Amino acid sequence: MTRLRLLLIEDSEDDAALLVRELARAGYDVTSERVDTPEGLAAALERQRWDIAIADYTMPRFSGTAALTLLRKHDAEMPFIFVSGTIGEDVAVGAMRTGAHDYIMKGSLKRLVPAVERELREAESRFSRKRAEARLVHLAYHDTLTDLPNRVLLHDRLGYALLAAERASEPLGLLILDLDGFKAINDSLGHQAGDRVLQELAARLRALLRDGDTVARLGGDEFAFVLPRTDGDGAARAAREVLRAVDRSLVLDGRPLELRGSVGIAWCPEHGSDADVLLQKADIAMYVAKSGGLGYACYAPDRDRHAHRRLTLMTELRDGIARGQFSFDYQPIVSLQSGTVWSVEALARWDHPRQGRLPPAEFIGLAEQTGLIEPLTLVLLDKALAEWSGRDGGPSIPVAVNLSPRSLRDPGFPDQVADLLRRRQRLASALVFEITENLILSDTTRSMTCLSRLHEMGVKLAIDDYGIGYSSLSYLRRLPVDRLKIDRSFVSGLAAGDDAIVRSTIDLAHNLGLTVVAEGVESAEARDRLQELGCDAAQGNFIAKPGSATDIRRWVARQDAPDRP
């Protein structure tokens with residue numbers, strides 16, 4: 001049986017019972033209430049939700065049209081049917097115009113059941129349509145993954161909150177939260193796991209809100225908080241609460257995950273009363289917190305120029321990669337015994353259209369933060385392999401490229417390297433990857449897996465800047481590397497007779513079957529002392545300054561070129 005909650009606005013108990021019996025015979029399980037006064041109708045409407053209302057058109061103390069007017073103030077969509085023994089056609093049409101859906105003559109109730117069935121269907125259709133429309137509106141202003149307000153709704157709420165704060169002469173705080181290292185979760189566990197982490201985090205952040213506060217997902221792993229009646233001190237306290245919520249250990253499929261975040265703070269009226277300006281300044285503060293490992297930072301005007309420039313570069317990175325604005329300078333690595341050019345180290349440069357030629361320190365960190373280091377690495381690798389392939393008549397020389405930690409954590413990276421080597425028709429031995437000690441130690445298991453696969457392919461591996469990190473002898477024995485590169489800070493001390501660290505490093509490397517390259521050779525004295533100590537190769541401005549591929553090819557052409565190791 002179909003359950004039917006029926007509200008009867010009827011002064012006759014007998015007529016009301018007749019309507020209920022007629023509907024029950026048609027298979028409805030009727031729950032009904034009869035009212036015949038405005039007060040009774042108002043109470044019934046407040047008490048519960050009704051599926052349909054049926055009202056007598058003419059009652060001594062309460063007219064049907066008055067009942068309809070009162071009901072519509074409470075529910076604009078509820079099906080409403082008039083019944084009457086005296087209503088004429090003109091009056092019935094007039095009643096329909098006031099908002100009734102149908103009318104039935106009491107003397108002939110054969111139309112009652114079909115009318116009720118039709119009105120219930122149409123009401124459900126109206127409800128479904130409105131629900132779909134409401135859902136579309138909700139989706140337009142909310143994030144589909146976390147159901148938090150999205151950037152559009154955040155901007156609207158921030159604008160209204162700023163107007164209210166200005167009228168009431170009250171402060172308003174704005175926080176922007178960005179997760180640190182979230183891409184590693186997506187890379188290692190998959191995007192589905194990353195989505196679950198964001199949903200759990202959204203629930204934690206929502207639990208921090210006071211009445212009137214807003215938390216929104218701006219996109220990716222970035223969130224924002226609008227905090228009315230909150231000054232700088234209050235915003236800093238809120239930032240600490242947010243970071244504590246982020247830092248709490250999260251268990252996913254039995255695996256504990258550690259999250260970290262960086263929060264930027266700006267507030268009105270100190271930093272402005274415009275939504276876009278405040279968002280930009282909170283974003284700058286967030287970047288300062290992230291780049292300095294501070295946890296949270298408040299906007300400060302003296303940081304604006306530098307931070308704004310960095311943010312601008314971050315937004316231009318993707319376009320720069322697509323437009324081929326990245327290139328290399330190269331510096332030869334030369335045998336100290338024979339003068340043979342072993343390889344050339346590729347030193348990345350960004351040929352920025354407005355800011356000129358930028359060194360790696362200006363953009364590598366930004367590329368890692370934005371997740372663009374992977375495509376940038378592949379673009380640069382392809383360029384380096386092409387420029388030293390020898391197919392344009394120049395020499396075919398191995399090229400050494402520095403690797404980001406993200407590349408070693410990507411299980412697909414060795415396959416991507418293999419594809420590049422095939423495309424450029426180069427042997428794997430034509431490629432040397434330089435990695436730092438700390439890079440390996442940051443994620444030993446995945447780093448070792450990636451390094452082993454690359455080494456098995458024939459790619460040569462070198463530990464860069466050796467001596468300033470934390471690797472132990474046991475790590476050196478396990479790593480599938482071919483070379484150690486002594487950091488320039490130790491080489492610079494050779495001219496003053498400080499060679500103990502260099503000597504011991506060379507001996508250690510040779511005992512492990514590794515060759516040794518000294519970086520930063522700036523004088524004949526340093527070069528000669530390295531030769532005496534048995535160092536295998538060196539690079540530095542004394543030997544050859546970094547230059548374009550064309551310039552270094554000319555330099556190589558002037559050197560003897562016997563077989564290289």
Side-chain angles (χ1 to χ4, degrees), residues 328-347 388 394-402 429-437 459-469 471 473 475-477 479-547 549 551-565:
F328 280 122
D329 278 348
Y330 297 95
Q331 187 171 43
I333 298 172
V334 176
S335 168
L336 286 172
Q337 309 307 317
S338 65
T340 299
V341 179
W342 276 15
S343 57
V344 290
E345 181 178 359
L347 307 169
W388 293 96
S396 175
I397 296 177
V399 62
V401 179
N402 290 279
S429 57
L431 190 56
V432 182
F433 282 136
E434 297 190 356
I435 50 182
T436 63
E437 302 166 79
V459 175
K460 292 186 180 297
L461 302 171
I463 293 183
D464 196 16
D465 301 331
Y466 182 77
I468 62 172
S471 59
L473 181 59
Y475 270 112
L476 286 178
R477 284 174 171 163
L479 291 172
V481 296
D482 307 281
R483 297 179 186 173
L484 285 188
K485 296 189 73 177
I486 303 174
D487 184 68
R488 64 182 61 246
S489 61
F490 300 110
V491 174
S492 63
L494 289 175
D498 184 9
D499 61 11
I501 293 176
V502 174
R503 182 192 302 113
S504 62
T505 300
I506 293 171
D507 292 342
L508 171 63
H510 287 167
N511 288 333
L512 293 173
L514 307 177
T515 55
V516 183
V517 177
E519 299 180 294
V521 177
E522 303 294 329
S523 66
E525 291 81 4
R527 179 202 59 192
D528 294 344
R529 184 57 183 150
L530 287 166
Q531 285 177 325
E532 293 172 5
L533 294 173
C535 186
D536 300 292
Q539 69 182 104
N541 290 342
F542 175 76
I543 296 169
K545 293 181 180 179
D551 291 340
I552 300 304
R553 285 195 199 103
R554 292 196 190 104
W555 185 91
V556 171
R558 296 194 296 268
Q559 313 303 307
D560 293 332
D563 293 339
R564 300 178 183 85

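Since the structure is predicted, the reported quantities are computational estimates derived from the model, not experimental observations.
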Approximate separation, where rounding is to 0.5 Å, of Leu508 CG and Leu514 CG: 8.0 Å

Donor-acceptor contact below 3.5 Å, side chain Asp551 vs main chain Gly547: no

NZ/NE/NH1/NH2 to OD/OE distance under 4.0 Å, Lys485 and Glu519: yes

Pairwise side-chain contact, Phe433 with Asn402, heavy-atom cut-off 4.5 Å (strictly under): no

Worked check of side-chain contact (heavy atoms from CB on, under 4.5 Å) between Ser343 and Arg483: CA-CA 12 Å; Ser343 57; Arg483 297 179 186 173; 3.5 Å; yes

Qualifying residue for side chain to side chain contact (heavy atoms under 4.5 Å, CB included) with Leu530, from Val516, Asp536, Val521, Asp499: Val521

4.5 Å side-chain heavy-atom contact, Ile435 and Asp464: no

Candidate pair Arg553 and Ile397, rule side-chain contact (heavy atoms from CB on, under 4.5 Å), full reasoning: CA-CA 10 Å; Arg553 285 195 199 103; Ile397 296 177; over 6 Å; no

Spacing of Asp329 atom CG and Ile552 atom CD1 [to the nearest 0.5 Å]: 8.0 Å

Listed partners of Ala537 passing side chain to side chain contact (heavy atoms under 4.5 Å, CB included), at least two apart: Ile333, Trp342, Val517

Spacing of OG belonging to Ser429 relative to CG belonging to Asp482, to within rounding of 0.5 Å: 10.5 Å

Val491 to Ala518 - nearest heavy-atom pair and separation: CG2-CB, 3.9 Å

Sub-4.5 Å side-chain heavy-atom contact between Glu532 and Arg503: no

Chi angles and distances behind the side-chain contact (heavy atoms from CB on, under 4.5 Å) call for Val401, Val432: CA-CA 6 Å; Val401 179; Val432 182; over 6 Å; no

Verdict with reasoning, Tyr330 to Leu347, per side-chain contact (heavy atoms from CB on, under 4.5 Å): CA-CA 6 Å; Tyr330 297 95; Leu347 307 169; over 6 Å; no

Interatomic spacing from CD in Glu345 to CD in Glu434 - rounded to 0.5 Å: 4.0 Å

Euclidean distance, Leu336 CG relative to Arg527 CZ, rounded to 0.5 Å: 8.5 Å

Gln539 and Gln331: side chain donor to acceptor below 3.5 Å: yes

Between CD1 on residue Ile486 and CD1 on residue Ile501, distance to nearest 0.5 Å: 10.0 Å

